[in-house]
2 protein chains.
Amino acid sequence: MTLWQSIADLLRAEIARGLWPPGTRLPAEADLAARFGVNRHTLRNATRALADEGLLYSRQGAGVFVAASPVDYPLGDRVRFHRNIELAGKVPGRALDAVMTRPSDAAEALALGLATGERVHVAEGVSLVDFRPVALFRTVFPADALPDLARHLRDIQSITAALAACGIADYRRVSTRVTARVADAAQAARLQIDAGDPLLRTEAISEAGGRPVERGLTWWVAERVTLTLPHVS
Amino acid sequence: MTLWQSIADLLRAEIARGLWPPGTRLPAEADLAARFGVNRHTLRNATRALADEGLLYSRQGAGVFVAASPVDYPLGDRVRFHRNIELAGKVPGRALDAVMTRPSDAAEALALGLATGERVHVAEGVSLVDFRPVALFRTVFPADALPDLARHLRDIQSITAALAACGIADYRRVSTRVTARVADAAQAARLQIDAGDPLLRTEAISEAGGRPVERGLTWWVAERVTLTLPHVS
DNA sequence: ACTAATTTGTTCGTATGTATG
DNA sequence: ACATACATACGAACAAATTAG
């Protein structure tokens, strides 16, 4: 049992018994370090462990804070976020954080059948269900094949509609890969969860007319979503 | 972009292009720090980030190693573990920890179309790929419909073969649900990972002749497996 | 709107403990 | 046993983000 571990245990117990309710700011690192009589590094080891567990999250310049049932989401050939959520009787929503055009990285190029460095449009944002964030997404599109898409993405705020405006009336998933990861502090803050909470990560490639049109990465809050698979009968 | 981030990117790229194949030991932290002209703490920030991503892992006293790349595991209608892994060019294996017959709980009964409390056979164990654990499984079967299954499960050590011995020549998945959890201490020990590491959890129900024959829970080590979905074309 | 104080994040330096080979 | 290498810990300073005034 190392020093930082016992400090983490102590803080965990204090949080568990309600001494620091969810949302409250802990004393500054320097103060806490002084309280335990340790170096600030040592204290940070402890708070980092608790942040990994999802008990705490920190914001540079602001402080360290105490962090405060899943929707079924079918993964089929023709996945449309809004429709899926509406079918589940919930209110879908999206917040688009950024739309940009930049050179593709190796993984993006491979997925879209481009050469690395060919330009892609990128849309990033948060997906909401009943006004709560359920997922982060980063979707890339081939920029040369869809030159006007970036503008449409900014105007229309819906990926399906923006693609339709570029003449892509229909597209289908051809590949979906699922893995899991724990949320880092940045993802946790965006998703209003705790760092260390598990995320489901899906990578989907969609095609229209036999050519890749979209490669979507989505990080789902595992506590709020269950992915369901179609099985043909 | 901090110093340690650019170092992490550089190392990630080097690993991606095969300069450090899976299983190899990286140069000592001090050497790597010297190579990049930074303090060892700074280098450790980079390797810690890569370890969080699952690309590296470190063993005190031994070194920092490149993690093995994850196995692709296709989730189709007719999922067979051994076949899937062999098709991926790996060596499949199973360790059966326990076979028992006991009353079903509510979730098991619902999945198998039984009344809560009706007896089920349960098989628990670890799935291996290339002699490394990749998943924990707990599979339950209706005991009344398959009275001899428990004995076969103990003798045969393969679920597919044990079902065949009970006259179930073929079965198909009718439902698969995917979510994610973090490993607790017990799971971590069985899977040779750390508590808090992310797990993919799948719940699958299989039927034969229109009746449920199997409800399987599997906890996959997210770092060691990627679930892939079939898409009919 | 701007400044200053506060707070976390990163980086350097140094030393000692502990597991591995 | 010994050397190597990672883990932990202390000290100091500056950068970057936030917040209070």
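Quantities reported herein were computed from a predicted structural model and do not represent experimental measurements. Here is the naming used below: chain letters follow the sequence lines, and residue numbers restart at 1 for every chain.
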Practice task
Enter the distance from B:L128:CG to B:R94:CZ here, rounded to the nearest 0.5 Å.
Solution key: 9.5 Å
Handout entry: Under-4.0 Å salt bridge between B:R181 and B:E203
Key = no
Problem - Distance, rounded to the nearest Å, where A:L3 contributes CG and C:dT16 contributes P - result: 17 Å
Practice task
Would you give the length of the straight line joining atom CZ of B:R138 to atom CZ of B:R215, rounded to the nearest 0.5 angstrom?
Solution key: 7.5 Å
Practice task
With sequence neighbours excluded, tell me which residues meet side chain to side chain contact (heavy atoms under 4.5 Å, CB included) with A:A161.
Solution key: A:I156, A:S158
Problem - A:V182 vs B:V182 side-chain heavy atoms within contact, under 4.5 Å - result: yes
Fill in the blank from the handout: The correct set of residues in residues 30-44 of chain A placing a heavy atom under 4.0 Å from DNA chain D is A:V38, A:N39, A:R40, A:H41, A:T42
Practice task
Check the distance between C:dG9's C1' and B:W4's CH2 and give it to me in whole angstrom.
Solution key: 10 Å
Handout entry: Validation row: B:L136, B:T218 side chains within 4.5 angstrom (heavy atoms)
Key = no
Exercise for the section: Considering only NZ, NE, NH1 and NH2 on the basic side and carboxylate oxygens on the acidic side, decide whether A:E108 and A:R102 come within less than 4.0 Å. Expected result: yes
Problem - Partner nucleotide, any strand, of C:dG17 [Watson-Crick/G-U, under 3.5 Å] - result: D:dC6
Problem - Start and end of the DNA chain D segment that chain A contacts, any atom under 4.0 Å from a heavy atom - result: D:dT8 to D:dT19
Exercise for the section: Measure the distance from CG on B:N45 to C1' on C:dG13 and round it to the nearest whole Å. Expected result: 15 Å
Handout entry: Whichever of B:P27 and A:Q60 has its nearest DNA chain D nucleotide further upstream toward 5'
Key = B:P27
Fill in the blank from the handout: When rounded to whole Å, the CZ to P distance for the pair A:F65 and C:dG9 reads 11 Å
Fill in the blank from the handout: Judged by nearest nucleotide, the residue sitting upstream toward the 5' end of DNA chain D, B:A28 or A:R59, is B:A28
Handout entry: Pair A:R201 + B:E223, salt bridge at N-O below 4.0 Å
Key = no
